[in-house]
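Notes for the one structure printed next.
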Amino acid sequence: MNIRKVIIPVAGWGTRSLPATKNIPKEMLPVYNKPAVQYVVEEAINSGINDVIFITNRDKSSIEDHFDYNLQLEAVLERAGKQEQLALIRQVAEMANCISIRQKKQLGLGHAVLCAKDVVRADDGFAVMVGDDLLFGMNPGIQQLINVAASERLPVIGVMEVPQERVNRYGIISGEEVSPGIYRVHKLVEKPKVNEAPSRLAIIGRYVLTPEIFGHLEKIQPGHGGEIQLTDALQCQADGKGLLAVKIRGMRFDTGDWAEYLTANIYFALQEEELRYDLIRHLKPLLPWD
Ligand code: G1P
């Protein structure tokens, strides 16, 4: 399975992050010095993907602009001799081929994926990455799924264990562990009640799918929250040709959760040698037990 394209749905309202997201797409909120969506695109690029398909709405053009040239700013930096910054912004413009598709009605994640049907249906497989989930580790998260999809020739979804009291925020799976950290999926439930979840294995926003998913998405009825749920289409896939889940290794931050968003900022800033000690010095007095 050769995965060259990724679908990144970015048409959501970002209501969890209001008022910050009143006029700024949630995907453009900075995590340290980059907008959150740039980390997701970099994860895709580092996994051999070239084409990024944004599923957008009318208020999200700043995402496309971010991955395009800004000639005016380039001229200003050039004149000021700021070569390093110039290289930095050009590199973002050149990192991927971007395709934008309007999701004209917000009918759910499944519907967003369906909007990209005509662009990916001729491929053997394609990736879907949810812009709220930032993953970091030795191997890019989506690469871990691509490796399994290529060897097993089946669609693969990424999962991570979450605490019992949080299962109602995710799609939850149950299945049989066929090799360490790899499951053949039996059941998927979108946002189950805390005491009704089949396990604590939550779907993280990383998927490697085949065009077969479109037939399922076209057939299913609206599910949880009245939306066309990708999770429900994946149940059809699991019942038919089969579906695997891979426990993703690495760290995950949900940028829609303020505690995790702020932690992600600190995590990235701490990676910077120049910033690390200053940051710790500023943070220490803020801790009540210091
Ligand atoms: C979506 C999926 C859900 C998954 C989650 C991961 O939910 O529907 O199955 O667990 O992404 O971030 P959303 O967060 O869009 O409500």
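Counting starts at 1 for both ligands and their atoms, in listed order.
- Salt bridge D132/K26: present, at least one basic N to carboxylate O contact under 4.0 Å.
- D124 is linked by a salt bridge (charged side-chain N to carboxylate O under 4.0 Å, His left out) to nothing, counting only residues two or more places apart in sequence or in another chain.
- For R102, the side chain to side chain donor-acceptor pair (under 3.5 Å) criterion is met by no residue, not counting sequence neighbours.
- Residues satisfying the salt bridge (charged side-chain N to carboxylate O under 4.0 Å, His left out) criterion with R90, sequence neighbours excluded, are E74, E78.
- Within 4.0 Å of ligand 1, the residues that place a heavy atom are L109, D133, Y170, G171, E190, K191, I203, G205, Y207, Q229, T231, listed by chain and number.
- The aromatic rings of F136 and Y267 sit tilted relative to each other, their planes meeting at an angle between 30° and 60°.
- Applying side-chain contact (heavy atoms from CB on, under 4.5 Å) to I173 and the options I203, T231, L234 leaves one that passes, I203.
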